[in-house]
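A short worksheet on the structure shown next.
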Amino acid sequence: MDKDKLYDMLILGGGPAGATAALYGARAGLSVAVLEKMMLGGEIVSTAHLDNWPGLPDGISGPEFGELLQKHLDKLEVPVFYGEIETANLTGKVKKVTFSGQEYSGKTALIATGTVPNLLGVEGETELRGRGVSYCATCDAAFFRGKDIVVVGGGDAALEETIFLTRFAEKVYLIHRRDKFRGCSWLQQKVLELPSVEVLWNTTVSKIDGKDRVSGLVISQGGKERHLDVQGIFIYTGRLPNADYLKGIEMERDERGYIITNPKMETSVEGVYAAGDIRQKFLRQVVTAAADGAIAATAVSQYLYAY
Ligand code: NAP
């Protein structure tokens, strides 16, 4: 059975980093397996449109990109297992991962589990998640057709998803805690030109109201609180490394928990690599995640000569 096999490279996460590592690894003749939670493509699957992949001038939808990654790995006969990583024991010569109750082993492990949403941490957020509180416009936008909604955040994700949400919502309030966006200038310009978007600068969300569904928000502007009548809230306030399963493993990380690697994607633990958004890096993009994956697989291939 596959789960009893000792893989050359056990890949944790099937986003652009993990999938690219899998395809480079398979093409280099390594035995690889991908352990993925949801769908190949990871976070990109919940992105409406990927607009900056070189050579695709019209872009591609996130779900379509995920499907193409799956096809690519199928073609190379890379096994992709779906489930949840429970524990990881990565410090020995054989790396072991418990995944939905089964143990998988690898001569090397590549950590490519990306990031998770950074929660706002306000009353109502957890209680109303999935009932008007969302972290995924692509998944939930259609439920807000003709409604008034809020997007929170000022980075690329908030700007990009605001643009997407205007296709569905009647009105989109974009709430940002400062008076300047963090996201890139062309997205800023696009958002500011949209007539159905109203930017609320220097504003924070204090509370999300609603019994069974979101019925409004309490927002704070210059120390004054007021009610905003909306039916949904999309939170894009950045992300955090998805690394709970690494608790207890001594591995070099930065102050926010991102894994530190060298240029070969090697972590401070021998035989363990990290690629994509979970790594401390300058630019978190699909293209840089894919590049990390390619480098990691090539480094693994070299490392295994002396295993
Ligand atoms: P981000 O760039 O870290 O932006 C997070 C935004 O949320 C910031 O504007 C921040 O405000 C705000 N924020 C953080 N915590 C908050 C809180 N507790 N309450 C209110 N606001 C809060 O995150 P991101 O937009 O998710 O992007 C993550 C990475 O992915 C970035 O490197 C980005 O470039 C990349 N990305 C790229 C694209 C693209 O190129 N098309 C699309 C999506 C994401 P401050 O500005 O005040 O800190």
Side-chain angles (χ1 to χ4, degrees), residues 15-17 41-54 56-63 65-66 112-126 133-139 141 150-165 172-192 197 199-208 217-222 225 228 233-242 254-259 275-292:
E43 194 52 35
I44 196 66
V45 174
S46 57
T47 302
H49 206 68
L50 171 60
D51 228 357
N52 50 10
W53 185 263
L56 294 181
D58 299 325
I60 183 169
S61 82
F65 188 71
T113 43
T115 56
V116 287
N118 174 30
L119 305 190
L120 272 184
V122 298
E123 192 183 326
E125 182 178 18
T126 313
V133 175
S134 174
Y135 303 86
C136 176
T138 316
C139 319
V150 151
V151 174
V152 188
D156 285 336
L159 297 175
E160 206 165 76
E161 302 307 335
T162 294
I163 296 165
F164 175 67
L165 283 160
V172 182
Y173 296 96
L174 176 54
I175 292 185
H176 185 36
R177 64 182 177 185
R178 288 191 294 136
D179 62 354
K180 271 192 195 76
F181 287 130
R182 178 182 292 276
C184 69
S185 56
W186 80 270
L187 281 174
Q188 292 191 28
Q189 200 184 329
K190 236 172 149 178
V191 161
L192 295 171
V197 175
V199 182
L200 303 178
W201 303 103
N202 300 309
T203 303
T204 55
V205 175
S206 315
K207 188 179 168 222
I208 303 171
L217 306 179
V218 179
I219 57 168
S220 173
Q221 287 171 314
E225 291 203 325
L228 196 63
I233 170 168
F234 287 82
I235 300 168
Y236 285 102
T237 48
R239 316 215 24 117
L240 297 169
N242 181 19
D254 71 8
E255 65 292 345
R256 293 169 69 199
Y258 289 100
I259 297 170
D277 286 4
I278 199 163
R279 197 170 79 76
Q280 185 195 53
K281 63 195 301 190
F282 172 64
L283 182 63
R284 292 195 170 82
Q285 296 275 300
V286 181
V287 74
T288 62
D292 286 359

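One-based numbering, in listed order, for ligands and for the atoms of each. When reading the values below, keep in mind they use all heavy atoms of this one structure, side chains included, and skip hydrogens, waters and symmetry mates. Quick caveat: nothing in here was measured; it's all calculated off a predicted structure.
- When the salt bridge (Lys or Arg N to Asp or Glu O under 4.0 Å) test is applied to E43, the partners found at least two apart in sequence or on another chain are R239.
- The neighbour count for R256 CZ, taken as heavy atoms of other residues, nucleotides or ligands under 6.0 Å away, does not exceed 12.
- Under the rule for a disulfide bond (SG atoms under 2.5 Å apart), the partners of C139 that lie at least two apart in sequence or sit in another chain are C136.
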What does the contact table look like for ligand 1 (nitrogen or oxygen on each side, cut-off under 3.5 Å)?
residue, atom, partner, partner atom, Å
ligand 1, 9 (O), G154, N, 3.0
ligand 1, 9 (O), G155, N, 3.3
ligand 1, 11 (O), R177, NE, 3.2
ligand 1, 25 (O), D156, N, 3.4
ligand 1, 25 (O), A157, N, 3.0
ligand 1, 34 (O), D156, OD2, 2.6
ligand 1, 40 (O), N52, ND2, 3.3
ligand 1, 40 (O), Q285, OE1, 3.3
ligand 1, 40 (O), Q285, NE2, 3.0
ligand 1, 41 (N), E160, OE2, 2.5
ligand 1, 46 (O), R178, NE, 3.4
ligand 1, 46 (O), R178, NH2, 2.8
ligand 1, 46 (O), R182, NE, 3.0
ligand 1, 46 (O), R182, NH2, 3.4
ligand 1, 47 (O), R177, NE, 3.0
ligand 1, 47 (O), R178, NE, 2.7
ligand 1, 48 (O), R177, NH2, 3.0
ligand 1, 48 (O), R182, NE, 3.4
ligand 1, 48 (O), R182, NH2, 2.6

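- Partners of K190 according to the salt bridge (Lys or Arg N to Asp or Glu O under 4.0 Å) rule, which considers only residues two or more places apart in sequence or in another chain, do not exist here.
- The distance between the ring centers of F164 and H49 does not fall below 6.0 angstrom.
- In this structure, E123 places its CD atom where only 12 or fewer heavy-atom neighbours from other residues, nucleotides or ligands lie under 6.0 Å away.
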